[in-house]
Asks: 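Below is the structure I would like to discuss, written out as structure tokens.
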Amino acid sequence: MIKVVAISGRLRWNISLAALFGLLLASSCSRIAPEDAVRDLKSQRESQSLWEEDPQTGLATATFHIPGARFDSYLCQPGSGSDPFAEPASKEQMTPTQWVESRFGAPIPEGGTVRYDRERELLTITHEKTVLPLIQFILQSDAGNVDVVNCRLEIFQVPALLVLRLEESAAEGFDHRPEWEKLRELMRKNRGREDFRMVSALTIVSRSGGRARIASGEEVEFFEKYELEETKEPLTPVAKFARRTVGTSLEVEPYVGGDHRTIDIGLEMEHHTADPVETLESVRVRGLRDSIPTPVKRFSAVSLNTQLTVSAGQATLLGSWWPRGDVEAERLNLRQIAFLIVDLQSEVTR
């Protein structure tokens, strides 16, 4: 929740018709009806004491409480690329002053300041007396809506030549929805054919700033390592096992920008292209002279760990790979290709 913490000085509610129109316009951008904006404005006038400008500068100061994660999302700027196999790029951020000027269309006047105290999570703005009510109103409107991000992962297995053409086309643009829609159309036309299959589809919903995970498949236990029990003589190796989902898993951590359209997503994906194969292998154990014959499972999995910057409604081609371990797919020269489709909805919390 964003709330006004303190007002230095007393600022009179001397808002012009142009400022009121700005408030109504801002309310529509924040999905609030104009009549609600007028009602909120009236309630603010009744609940707030009159403000008065600083007699020396003619400016007034207001302090707002904004959680650090939300304020960081306000400052984030869209990135320049979405290569899933590149090192995650450092996020470019606006300064608090740049954000205020951009978000509210209100250049900072001479003597005005914008400061954010990260420890106390307080934003302090010194500005013209007619601008602060507009800033307050929009911040309160923003706080009334929690952004919810819907991510859908779709993995297809199709002819390798088609994958190549889709990748060549996607390289020319940032939004890969045309390529995704073309592939979905081909899937409908070739329904029932063994060389056109959707092998996995997962949908996950997360609030902005939250982390969510979904997995689909069979959980398999496998040998991980040997540990020696040093309390026994002679040293005794003890097998340690772990569990792993054989199928598809997706984990996302989205952050919605202050424009309520740009979304930064931290993404981790694992997809198995075939069932694990168990073989008998000789495992060496430190501290022992002889190796130990052990059943070991070998997995055929593709892993992806990346950060993306997308717009709401955008589809992104995450990558493609050969379905290792799938003999039939190798015979038919098939390749797998993955798309992430991201959309945004707002959950009203007021």
Asks: Would you call R298-E281 a salt bridge at under 4.0 Å N-O?
Replies: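 Yes, charged N to carboxylate O under 4.0 Å.
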Asks: If I compare all heavy atoms of I66 with all of Y116, which pair ends up nearest, and what's the gap?
Replies: O-OH, 2.6 Å
Asks: Looking at every non-hydrogen atom in both residues, tell me the closest pair between S300 and G325 and how far apart they are.
Replies: OG-CA, 4.2 Å
Asks: Side chains of F196 and K189: closer than 4.5 Å at any heavy-atom pair?
Replies: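 A side-chain contact is absent here, since even the closest heavy-atom pair is not under 4.5 Å.
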Asks: Would you compute the distance between atom OG of S249 and atom CD1 of I214 and round it to the nearest 0.5 angstrom?
Replies: 10.0 Å
Asks: Using a strict cut-off of less than 4.0 Å between a Lys/Arg side-chain nitrogen and an Asp/Glu carboxylate oxygen, indicate whether D195 and R193 qualify as a salt bridge.
Replies: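 Yes, charged N to carboxylate O under 4.0 Å.
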Asks: Enter the distance from I265:CD1 to E251:CD here, rounded to the nearest 0.5 Å.
Replies: 13.0 Å
Asks: Do V342 and I263 touch side chain to side chain, with heavy atoms closer than 4.5 Å?
Replies: yes
Asks: What's the verdict on side-chain contact (heavy atoms from CB on, under 4.5 Å) for I155 and I337, showing C-alpha distance, side-chain angles and the deciding distance?
Replies: CA-CA 6 Å; I155 302 176; I337 185 170; over 6 Å; no
Asks: Decide yes or no for R207 and V149: does some side-chain heavy atom of the first lie under 4.5 Å from some side-chain heavy atom of the second?
Replies: no
Asks: Just say parallel, tilted or perpendicular for the rings of W99 and Y74, cut-offs at 30° and 60°.
Replies: parallel
Asks: Of all heavy-atom pairs between A170 and L317, which one has the smallest distance, and what is that distance?
Replies: CB-CD1, 3.9 Å
Asks: Looking at CG of L75 and OG1 of T95, how far apart are the two atoms once the value is rounded to the nearest 0.5 Å?
Replies: 8.0 Å
Asks: Find the distance between SG (C151) and CD (E253) and round it off to the nearest 0.5 Å.
Replies: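 These two atoms lie 11.5 Å from each other.
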Asks: Before accepting this row, confirm whether a basic side-chain N of the pair R188/E185 lies closer than 4.0 Å to the acidic partner's carboxylate O.
Replies: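 The answer is no: the pair does not qualify as a salt bridge.
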Asks: Checking H127 side chain against P107 main chain: does a donor-acceptor pair fall under 3.5 Å?
Replies: yes
Asks: Do the side chains of K225 and E227 get close enough for a salt bridge, i.e. N-O under 4.0 angstrom?
Replies: yes
Asks: Under 6.0 Å between the ring centres of F241 and F222?
Replies: no
Asks: So with a 6.0 Å cut-off around CD of E218, is the heavy-atom count from everything else above 12?
Replies: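 It does not: E218 CD has 12 such atoms or fewer within range.
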Asks: Test salt bridge (charged side-chain N to carboxylate O under 4.0 Å, His left out) on E168 and R165; report intermediate values, then the result.
Replies: CA-CA 5 Å; E168 289 177 345; R165 290 174 177 172; over 6 Å; no
Asks: Are I108 and V131 linked, directly or through intermediate hydrophobic residues, by side-chain heavy-atom contacts shorter than 4.5 Å (ILVMFWY only)?
Replies: yes
Asks: Given L122 and F64, is the side-chain contact (heavy atoms from CB on, under 4.5 Å) satisfied, shown in steps?
Replies: CA-CA 6 Å; L122 295 179; F64 306 92; over 6 Å; no
Asks: Nearest 0.5 Å, please: how far is CG in D117 from CG in L123?
Replies: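 Atom-to-atom, L123:CG and D117:CG are 10.5 Å apart.
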Asks: Taking the side chain as everything from C-beta on, heavy atoms only, tell me whether L280 gets closer than 4.5 Å to T294.
Replies: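 Result no, sub-4.5 Å side-chain heavy-atom pair not found.
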Asks: With a 6.0 Å cut-off on ring centres, are H272 and F299 close enough?
Replies: yes
Asks: Linking I/L/V/M/F/W/Y whenever any side-chain heavy atoms sit under 4.5 Å apart, do W322 and V158 land together?
Replies: no
Asks: Taking the side chain as C-beta and beyond, is there a heavy-atom pair between L161 and R335 under 4.5 Å?
Replies: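 Result no, sub-4.5 Å side-chain heavy-atom pair not found.
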Asks: Would the number of heavy atoms belonging to other residues, nucleotides or ligands and lying under 6.0 Å from CZ of R191 be above 12?
Replies: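 For R191, atom CZ is not crowded (no more than 12 foreign heavy atoms under 6.0 Å).
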Asks: Quick one: pull up CG in D343 and CD1 in I341 and give me the separation to the nearest 0.5 Å.
Replies: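 With rounding to 0.5 Å, CG (D343) is 10.0 Å from CD1 (I341).
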Asks: May I ask you to test the T113-T124 pair for a side-chain heavy-atom distance under 4.5 Å?
Replies: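 They are not in side-chain contact.
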Asks: For T306 and L308: C-alpha separation, side-chain torsions, deciding distance, then whether side-chain contact (heavy atoms from CB on, under 4.5 Å) applies.
Replies: CA-CA 7 Å; T306 188; L308 306 172; 4.2 Å; yes
Asks: What's the shortest heavy-atom distance between P293 and Y226, and which atoms?
Replies: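 Scanning both residues, the minimum pair turns out to be O-OH, 4.5 Å.
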Asks: Please determine whether a side-chain nitrogen of the Lys or Arg among R211 and E268 lies less than 4.0 Å from a carboxylate oxygen of the Asp or Glu.
Replies: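 Salt bridge present between R211 and E268.
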Asks: Set out, in order, the CA-CA distance, both residues' side-chain angles and the distance that settles side-chain contact (heavy atoms from CB on, under 4.5 Å) for R177 and F339, then state yes or no.
Replies: CA-CA 9 Å; R177 179 170 283 271; F339 285 88; over 6 Å; no
Asks: Quick one: do V163 and L183 end up in the same hydrophobic cluster if we chain Ile, Leu, Val, Met, Phe, Trp and Tyr together by side-chain heavy atoms under 4.5 Å apart?
Replies: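 Same cluster: V163 reaches L183 through Ile, Leu, Val, Met, Phe, Trp or Tyr contacts under 4.5 Å.
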Asks: Quick check on the hydrophobic clustering: are F223 and V246 connected, directly or via other members, by side-chain heavy-atom contacts under 4.5 Å?
Replies: no
Asks: Whether D72 and R118 form a salt bridge (side-chain N of Lys/Arg under 4.0 Å from carboxylate O of Asp/Glu) is what I want to check.
Replies: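 A salt bridge links R118 with D72.
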Asks: Could you go through T273 and R324, starting from their C-alpha distance and side-chain angles, then the distance that decides it, and tell me whether this counts as side-chain hydrogen bond (donor to acceptor under 3.5 Å, both in side chains)?
Replies: CA-CA 6 Å; T273 57; R324 187 164 57 91; 5.8 Å; no
Asks: Might you point out which heavy atoms bring L59 and P109 nearest each other, and give the distance in Å?
Replies: CD2-CG, 3.9 Å
Asks: Does a side-chain heavy-atom distance below 4.5 Å link V199 with H271?
Replies: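 Contact flag for V199/H271 side chains = yes.
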Asks: Check the pair S200, E154 against side-chain hydrogen bond (donor to acceptor under 3.5 Å, both in side chains), reporting the backbone distance first and the verdict last.
Replies: CA-CA 6 Å; S200 187; E154 295 184 355; over 6 Å; no
Asks: Would you say S208 and P254 make side-chain contact, with heavy atoms under 4.5 Å?
Replies: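 In short, these two side chains do not touch, never coming nearer than 4.5 Å.
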Asks: Hey, quick one: are W180 and M198 part of the same hydrophobic cluster, counting side-chain heavy atoms closer than 4.5 Å, chains of contacts allowed?
Replies: yes
Asks: Dump the intermediate steps for side-chain hydrogen bond (donor to acceptor under 3.5 Å, both in side chains) on Q314 and H176, then the final yes or no.
Replies: CA-CA 7 Å; Q314 179 177 322; H176 305 148; over 6 Å; no
Asks: Of the options N305, L153, L250, which is the one that meets L267 in a side chain to side chain contact (heavy atoms under 4.5 Å, CB included)?
Replies: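 Answer to the side chain to side chain contact (heavy atoms under 4.5 Å, CB included) test with L267 among N305, L153, L250: L250.
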Asks: Of the options E270, E221, E219, which is the one that meets R244 in a salt bridge (charged side-chain N to carboxylate O under 4.0 Å, His left out)?
Replies: E270
Asks: Show, in sequence, the C-alpha distance, side-chain angles and deciding distance for T203 and R152, and conclude whether the side-chain hydrogen bond (donor to acceptor under 3.5 Å, both in side chains) test is met.
Replies: CA-CA 4 Å; T203 299; R152 180 170 173 81; 2.8 Å; yes
Asks: For L228 and R286, which heavy atoms make the closest approach, and how far apart are they?
Replies: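 Scanning both residues, the minimum pair turns out to be CD1-O, 3.2 Å.
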Asks: Using modelled atom types only, decide if a donor and an acceptor are shared between the side chain of S169 and the backbone of E167 within a distance under 3.5 Å.
Replies: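 Checked: no pair found.
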